[in-house]
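See below for the structure under consideration.
Reminder, nothing fancy here: chain letters follow the sequence lines and each chain counts from 1. Quick caveat, the model's predicted, so the values are computed rather than measured.
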2 protein chains.
Amino acid sequence: MNSASSNLTNNATAASGAVSPTAGTPATPVAAAANAPAAVVAGTNTTAAALPVASASPTFSPLYQQIKALITQSLQSGEWKPGELIPSEVELAGRFKVSQGTVRKAIDELAAENLVMRRQGKGTFVSTHHEARAHFRFLRLVPDEGVPHYPESKFIEVKRVRAPADVARLMDLKSGDAVIFIKRVQYFDGVPTIVEELWLPGLIFKGLTAERLVEYKGPMYGLFETEFGTRMIRASEQIRAVCADAGAAQLLNIDLGTPLLSSERVSFTYGDKPVELRRGLYLTSRHHYQNELS
Amino acid sequence: MNSASSNLTNNATAASGAVSPTAGTPATPVAAAANAPAAVVAGTNTTAAALPVASASPTFSPLYQQIKALITQSLQSGEWKPGELIPSEVELAGRFKVSQGTVRKAIDELAAENLVMRRQGKGTFVSTHHEARAHFRFLRLVPDEGVPHYPESKFIEVKRVRAPADVARLMDLKSGDAVIFIKRVQYFDGVPTIVEELWLPGLIFKGLTAERLVEYKGPMYGLFETEFGTRMIRASEQIRAVCADAGAAQLLNIDLGTPLLSSERVSFTYGDKPVELRRGLYLTSRHHYQNELS
DNA sequence: AAGTGGTCTAGACCACTTT
DNA sequence: AAGTGGTCTAGACCACTTC
């Protein structure tokens, strides 16, 4: 509980106690161990001018960034789970002993990064992959005609193996570490279009079986987030054009040598920790990879 | 000049005269022509409660969005050119008769959209394509090894033609409208890697010749922005895998049938107006298309 | 009516750059 | 020293949702 107001360092020395309109309450009782937290320092603007505490700080970080980090920790720890409502700005401001405006700026950035979603009048919610909006952030292959929609999966293989060297390197594991290997084909309107291989850290995804994958309907990232507490928040893709080899040709029911789009994706969770490697081959005769540059 | 404070409608009825700590100055004299601009309405919170002006407004738009639109207009009109310094927040606040905070929020969004760049202590600058940072927003093909860098261009063809139907459709022109057609090959470290065809509206890019393209060193978008006053601000790409045809194979010095990455890009300037169609074939044996999903 | 996020203002001070 | 953007606060009110 109330692990709040721990080690915040306010480098800004805001105009606090000086003008507090209500009674002359100290306003920030705070356990206040070592260094002074938010909104302390109390001093009329004249004397408070050049506090070395603020300027000399070698590791400068705005208050709202510190708040953002604290909120992110709570998201990461699962204190607030995907889809849930997080405390209101007013409550967080009270908890962290900062103004609502500072909390707001922290949440603004989290919302910009798609970690949370604001809804006027209702509150701020933890983002979840169980939502149409989130689906197409990570699924970029869309039909040339008609509306984008989610493909059906057919799993070819699910097994526990030791990570090959290249996989281990990309996922920040040691070569030989246990990983779960998944191979599947995805169908758009019954047409096999994607063949995909995934590697997941065995430690995190212990207990992931073919059955659970088959049972679960919807994007895999939704399953990962609810069943394994691991939420993918960003990914990096490398895309190339290749020729279909025998295996891909058979699974996609195409001629050997058909050009395919190859994508290698590394997905990251909180703290930029890689937690998935995905290698896909996309048939792009009736679909394309859609990308917005801005 | 001072076309400012024209038609802003403040739906927020801010807390103005009510609490102003200093003397009881009206605080916002304002020329106030037709409809009341920012921070007017003056009235203690009790009576000002349900002003029909604010609530009934059918086309609600926050003040900062209106400011943002005004600033965007100035960018579009060339009042402030790429690379130039725009007026300070304080000055814009004065010009538009709003608080600095409101201007700040408007500029925040413009900065997030890469239309302007803020530099602490110096000011806010109009973004330009004559900058390393901007280059790689639109050039996504990077070498598998080594640092990203810009390719060299060799122009194959530059001519004025009538827009084919498909080109006209994508560029929001009429079939048969004059367009400038450019074909070029791009080399990374001397290796031909990209063959690209561009279509540009003839009206806007009148006077664009092969000579000027050859003379100019650097990204074409830089040339477009300085010589033709047209700045690309976003683009939409569709990517596929294809086989090299005879033409591409010859230009890229590869075998017929080699898999190539095909990209079709439509670029937009202010007002989401399409002003470029670009079709490229990328050789991805030593390069890849890099994309960040977030 | 109460609670939430969204907008707007005003003022103070900090960090950075230039003069 | 002066000017710019960056941070922080405090308070008021609006828009929206729920009770």
Side-chain angles (χ1 to χ4, degrees), chain A residues 10-22 27 38-39 41 43-46 48-51 53-55 57 60-67 85-93 97-108 111 116-125, chain B residues 8 10-22 27-28 38-39 41 43-46 48-51 53-55 57 60-67 85-93 97-108 111 116-125:
Chain A
N10 182 355
N11 333 60
T13 8
S16 65
V19 285
S20 102
T22 59
V41 181
T44 53
N45 41 17
T46 56
L51 275 172
V53 181
S55 317
S57 173
F60 171 81
S61 172
L63 243 192
Y64 76 89
Q65 288 287 3
Q66 302 175 45
I67 303 297
L85 187 64
I86 77 171
S88 75
E89 294 177 355
V90 174
E91 185 179 335
L92 289 173
K97 297 280 180 292
V98 299
S99 81
Q100 184 184 354
T102 300
V103 171
R104 164 162 282 271
K105 182 147 187 177
I107 294 180
D108 276 346
V116 300
M117 280 186 24
R118 330 187 72 142
R119 284 193 234 164
Q120 193 177 46
K122 301 184 75 171
T124 301
F125 297 78
Chain B
L8 300 186
N10 182 356
N11 332 61
T13 8
S16 64
V19 287
S20 97
T22 59
T28 56
V41 182
T44 54
N45 41 16
T46 56
L51 275 171
V53 181
S55 317
S57 174
F60 171 80
S61 172
L63 244 191
Y64 76 89
Q65 287 287 3
Q66 302 175 46
I67 304 296
L85 187 64
I86 77 171
S88 74
E89 295 178 355
V90 174
E91 186 179 336
L92 289 173
K97 297 281 182 290
V98 298
S99 80
Q100 184 184 353
T102 300
V103 170
R104 164 162 283 271
K105 182 146 186 177
I107 295 180
D108 275 346
V116 299
M117 278 187 22
R118 329 186 75 141
R119 283 193 235 164
Q120 193 177 45
K122 301 183 75 170
T124 301
F125 297 79

**Asked** Rounded to whole angstroms, how far apart are CD on A:Q100 and C1' on D:dT7?
**Response** 16 Å
**Asked** Quick one: on DNA chain D, does A:K122 or A:Y64 contact a more 5' nucleotide (nearest heavy atom)?
**Response** A:Y64
**Item:** Candidates C:dC8, C:dC16, C:dG5 - which lies nearest the side chain of B:L63
**Value:** C:dC8
**Message:** Checking B:S99 now: which residues fulfil side-chain contact (heavy atoms from CB on, under 4.5 Å) with it, not counting sequence neighbours?
**Reply:** B:T102
**Prompt:** Pairing of DNA chain D as dot-bracket, 5' to 3': ( ) intra-strand, [ ] crossing, | other strand, . unpaired, with Watson-Crick or G-U pairs under 3.5 Å?
**Reply:** ||||||||||||||||||.
**Asked** When the nearest nucleotide of DNA chain D is assigned to A:G121 and to A:V103 on a heavy-atom basis, which residue is associated with the more 5' position?
**Response** A:V103
**Message:** Using a heavy-atom cut-off of 4.0 Å across all strands, would you classify A:E89 as base, sugar-phosphate, or nothing?
**Reply:** sugar-phosphate
**Message:** Could you measure the distance from the NZ atom of A:K97 to the CD1 atom of A:I67? Nearest 0.5 Å is fine.
**Reply:** 11.0 Å
**Request:** Whole angstrom is fine here: how far is it from CZ in A:R104 over to P in C:dT4?
**Result:** 13 Å
**Item:** Among D:dT4, D:dT17, C:dT9, the nucleotide that comes nearest once only the side chain of B:S99 is considered
**Value:** C:dT9
**Item:** B:K105 NZ - D:dC8 C1' separation (whole Å)
**Value:** 16 Å
**Rounded distance in Å - CD (A:Q65) to P (D:dT7)** = 8 Å
**Message:** Can you measure A:Q120 atom CD to C:dG5 atom C1' for me and round it to whole angstrom units?
**Reply:** 6 Å
**Prompt:** Out of D:dG6, D:dT4, D:dC8, which nucleotide sits closest to the side chain of B:S88?
**Reply:** D:dT4
**Prompt:** If you check the A:P62 side chain, which of C:dG6, D:dT7, D:dG6 turns out closest?
**Reply:** D:dT7
**Request:** Provide, to the nearest angstrom, the distance between the CE atom belonging to B:M117 and the P atom belonging to C:dC16.
**Result:** 17 Å
